[in-house]
Number of protein chains: 2
Amino acid sequence: MRATATLPLYQTIKQDLERAILSGDWRPGHRVPSEHELMGQYSCSRMTVNKALSLLAASGLVLRRRRSGSFVAAPAAEETVLELHDIPTEIGKSGAPYRYELVGRKLKRAGLGEAERLGIETGDWLLAVTALHFSAERPHVLENRLINIATVPDARLESFAETPPGSWLLGRIPWNEAEHQIHAVNAKAPAAKLLAIAPGTACLVVERRTWYAGKIVTQVTLTYPGGAHFLVGRFSPVRGRAGDLRADG
Amino acid sequence: MRATATLPLYQTIKQDLERAILSGDWRPGHRVPSEHELMGQYSCSRMTVNKALSLLAASGLVLRRRRSGSFVAAPAAEETVLELHDIPTEIGKSGAPYRYELVGRKLKRAGLGEAERLGIETGDWLLAVTALHFSAERPHVLENRLINIATVPDARLESFAETPPGSWLLGRIPWNEAEHQIHAVNAKAPAAKLLAIAPGTACLVVERRTWYAGKIVTQVTLTYPGGAHFLVGRFSPVRGRAGDLRADG
DNA sequence: CGGGTCATTAAGTATAGACAATTAGTGCTC
DNA sequence: GAGCACTAATTGTCTATACTTAATGACCCG
């Protein structure tokens with residue numbers, strides 16, 4: 001009878017409940033049938049129902065309380081989610097032709113400010129790379145990157161003439177911790193010139209630091225000319241799968 | 001022997017594996033012990049081990065393949081996560097005193113642009129609210145909000161003289177879908193005056209539309225003076241629990 | 001009426017076993 | 001040597017059961 005013919009039973013149960021909740025049929029606070037009731041409805045064992053409910057609880061859609069039952073959770077405040085992608089991928093998805101241009105590359109020792117920003121010692125070796133990413137032959141973003149040679153010794157041998165450092169690093173060193181800061185600045189003359197905009201134009205700046213195994217890998221400052229809208233995220237409060245919700249709506 | 005005395009066994013197993021992965025001990029591609037091996041190591045049933053591994057797979061830390069085994073996953077590209085919080089809460093957390101000021105409130109019918117932006121019909125009733133949020137007596141963000149009267153009829157009776165519309169809505173209407181856009185703009189004269197900054201100063205603009213049960217609830221434009229750094233997120237690629245990782249490190 | 005005790009309910013955890021599905025590898029056949 | 005069938009390893013799903021833990025509400029006693 002059910003369209004989800006080959007889907008595992010616990011998935012079916014989970015989706016049925018998810019639909020009822022996300023559609024708004026069951027408001028926050030609404031009581032979800034108990035494990036026993038669902039056992040009856042789906043003619044299955046309690047462990048199967050439990051798995052479905054536990055997954056929903058893990059994703060934050062329901063709250064479970066002993067003796068009381070399971071209830072539809074109130075969506076998490078206005079805490080929400082955005083995504084930042086790899087730049088060539090990001091541009092490629094928009095359909096515009098992508099071009100990369102290396103502006104500068106310099107091996108140097110960390111100064112005081114850099115050492116502090118990266119959490120390393122002054123004098124440690126760094127590779128500073130400046131590059132432009134073009135979308136349809138217009139500058140899309142300016143990339144200023146510092147790479148920690150101690151963590152990524154191979155970088156010393158890479159010219160970055162063809163491959164953007166971000167993509168190069170992705171394929172080489174994974175990250176397991178990262179930190180972002182986003183703010184707006186008025187473009188200063190050098191950046192404005194590279195981005196082909198008037199000095200003073202508002203730009204969106206994303207700063208990201210990335211660690212692996214406790215050691216800093218890289219710090220990058222991405223400067224996007226304002227105006228063009230940017231950083232779009234669409235999502236549901238189902239934690240753990242932002243953005244991929246609209247199927248089957 | 002293990003410090004996690006009262007923790008359920010499956011959690012213990014999960015954490016042990018998580019630690020090995022996030023610390024970098026096990027690199028991406030590393031083979032995680034099979035369910036049988038873990039069964040032996042922890043002297044427990046397969047279902048218990050399976051639960052631990054399934055949770056890790058759901059959070060994206062490991063990949064599981066039949067006949068092959070479980071492997072440490074490569075972290076998801078540079079796809080990452082940020083959080084935006086309720087404004088009074090956000091300011092309150094910084095320790096600075098918070099103040100709210102209503103600038104304008106007007107009931108009106110949707111024009112062409114508004115109708116399109118909100119996905120409603122021209123002529124539908126809207127409540128437009130303009131307000132300022134102060135942090136330590138300095139303007140922190142300008143809020144321009146449209147509320148769909150059809151979805152939130154109560155808004156018609158609320159003055160918003162004391163309660164910010166965002167917080168008011170949160171307590172009344174949950175959301176189950178939202179959409180963001182972030183960009184940078186040069187402040188125009190009216191906004192600049194309200195925010196007490198020079199016209200042309202770079203500002204970060206967050207636009208958010210929120211739906212519940214398929215109907216639009218509200219659209220809000222938040223204008224933050226640039227400079228002050230903003231939108232900070234720290235996270236691990238463990239999906240589903242961004243930010244709360246650093247415990248016990 | 002107040003307060004404590006106890007039974008009940010529902011979820012939380014865990015076990016042991018079964019069969020299905022997938023697929024890497026092995027060895028056999030042609 | 002190429003292709004094929006078989007084997008076995010490993011995860012995927014599900015069952016039936018059991019005991020534990022938390023919390024609610026009812027009952028009893030002072």
Side-chain angles (χ1 to χ4, degrees), chain A residues 1-18 20-21 26 28-74 240-241, chain B residues 1-18 20-21 26 28-74 240-241:
Chain A
M1 204 63 70
R2 187 166 291 112
T4 54
T6 62
L7 215 63
L9 182 51
Y10 78 93
Q11 288 279 6
T12 306
I13 300 175
K14 184 177 153 231
Q15 289 193 2
D16 287 354
L17 299 176
E18 227 169 50
I21 295 170
W26 291 350
H30 184 284
R31 194 189 154 154
V32 174
S34 75
E35 296 190 353
H36 263 95
E37 289 169 302
L38 290 170
M39 249 172 94
Q41 283 179 36
Y42 290 89
S43 320
C44 65
S45 80
R46 204 188 125 212
M47 279 302 287
T48 302
V49 168
N50 181 280
K51 181 159 189 175
L53 284 171
S54 297
L55 287 173
L56 287 177
S59 80
L61 263 198
V62 305
L63 293 174
R64 314 194 71 197
R65 284 210 315 278
R66 281 176 172 155
R67 160 73 215 210
S68 310
S70 304
F71 301 86
V72 177
R241 49 199 206 95
Chain B
M1 204 62 70
R2 186 166 291 110
T4 54
T6 61
L7 215 62
L9 182 52
Y10 79 92
Q11 287 280 6
T12 306
I13 300 176
K14 185 176 153 232
Q15 289 194 2
D16 287 354
L17 299 175
E18 228 170 49
I21 295 169
W26 291 350
H30 184 285
R31 194 189 153 156
V32 174
S34 76
E35 296 191 353
H36 265 94
E37 288 169 302
L38 290 170
M39 250 171 93
Q41 284 178 36
Y42 290 90
S43 319
C44 64
S45 78
R46 204 188 126 213
M47 278 304 288
T48 303
V49 167
N50 181 281
K51 181 159 189 176
L53 284 170
S54 296
L55 287 173
L56 288 176
S59 79
L61 263 197
V62 306
L63 293 174
R64 315 194 69 198
R65 284 209 314 276
R66 279 175 171 150
R67 161 72 216 208
S68 310
S70 304
F71 301 86
V72 177
R241 48 199 206 95

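Naming convention: chains lettered A, B, ... in sequence-line order (proteins, then strands); numbering from 1 in each chain.
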Legend entry - Shortest non-hydrogen separation from A:Tyr10 to A:Thr48 and the atoms involved: CB-O, 3.8 Å
Inset, instruction - Take atom OH of B:Tyr42 and atom C1' of C:dA16, then tell me their distance rounded to the nearest Å. - result: 21 Å
Legend entry - Rounded distance (Å) that lies between atom C1' of D:dC6 and atom CZ of B:Arg67: 13 Å
Inset, instruction - In whole angstrom, give the distance that lies between atom CG of B:Leu7 and atom C1' of C:dA14. - result: 14 Å
Legend entry - Minimum-distance nucleotide to A:Arg66 side chain [options: C:dA14, C:dA16, C:dA10]: C:dA10
Legend entry - Phosphate contact (D:dT10 OP1 or OP2) by B:Arg31 side-chain N/O below 4.0 Å: yes
Legend entry - Atom-pair distance (CZ on A:Arg65; P on C:dA11), nearest Å: 11 Å
Inset, instruction - Would you confirm whether B:Thr12, through its side chain, and B:Pro8, through its main-chain N or O, come within 3.5 Å as a donor-acceptor pair? - result: yes
Inset, instruction - For C:dA14, take OP1 and OP2 only and decide whether either is under 4.0 Å from a side-chain N or O of B:Tyr10. - result: no
Legend entry - Under 4.0 angstrom between B:Thr48 side-chain N/O and C:dT15 OP1 or OP2: yes
Inset, instruction - Identify which nucleotide among D:dC14, C:dA24, C:dA14 has an atom closest to any side-chain atom of B:Pro8, counting heavy atoms from C-beta outward. - result: C:dA14
Inset, instruction - Starting at atom CG of A:Asn50, determine the distance to atom P of D:dT20, rounded to an integer number of angstrom. - result: 18 Å
Legend entry - Closest listed nucleotide, where the reference is the side chain of A:Ser34 and the choices are D:dT11, C:dA11, D:dA8: C:dA11
Legend entry - Interatomic distance where NZ belongs to B:Lys51 and C1' belongs to D:dC14 [whole Å]: 15 Å
Inset, instruction - Return no unless some side-chain N or O of B:Arg64 is found under 4.0 Å from OP1 or OP2 of D:dG12. - result: yes
Legend entry - Below 4.0 Å: OP1/OP2 of D:dT11 and any side-chain N or O of B:Ser70: yes
Inset, instruction - Please name the pair of heavy atoms, one in B:Leu53 and one in B:Leu38, separated by the smallest distance, quoted to 0.1 Å. - result: CD1-CD1, 4.0 Å
Legend entry - Whole-Å gap separating C1' (C:dA14) and CE (B:Met47): 9 Å
Legend entry - B:Ser68 side chain to B:Arg64 backbone, donor-acceptor under 3.5 Å: no
Legend entry - Contact nearer the 5' end of DNA chain D, comparing A:Gln11 with B:Ser68: B:Ser68
Inset, instruction - Would you mind reporting whether B:Trp26 and B:Val32 have side-chain heavy atoms less than 4.5 Å apart? - result: yes
Inset, instruction - Could you state the atom-to-atom distance from CG of B:Leu9 to P of D:dA18 in whole Å? - result: 21 Å
Inset, instruction - Would you tell me if any nitrogen or oxygen in the side chain of A:Arg46 comes within less than 4.0 Å of OP1 or OP2 on C:dA11? - result: no
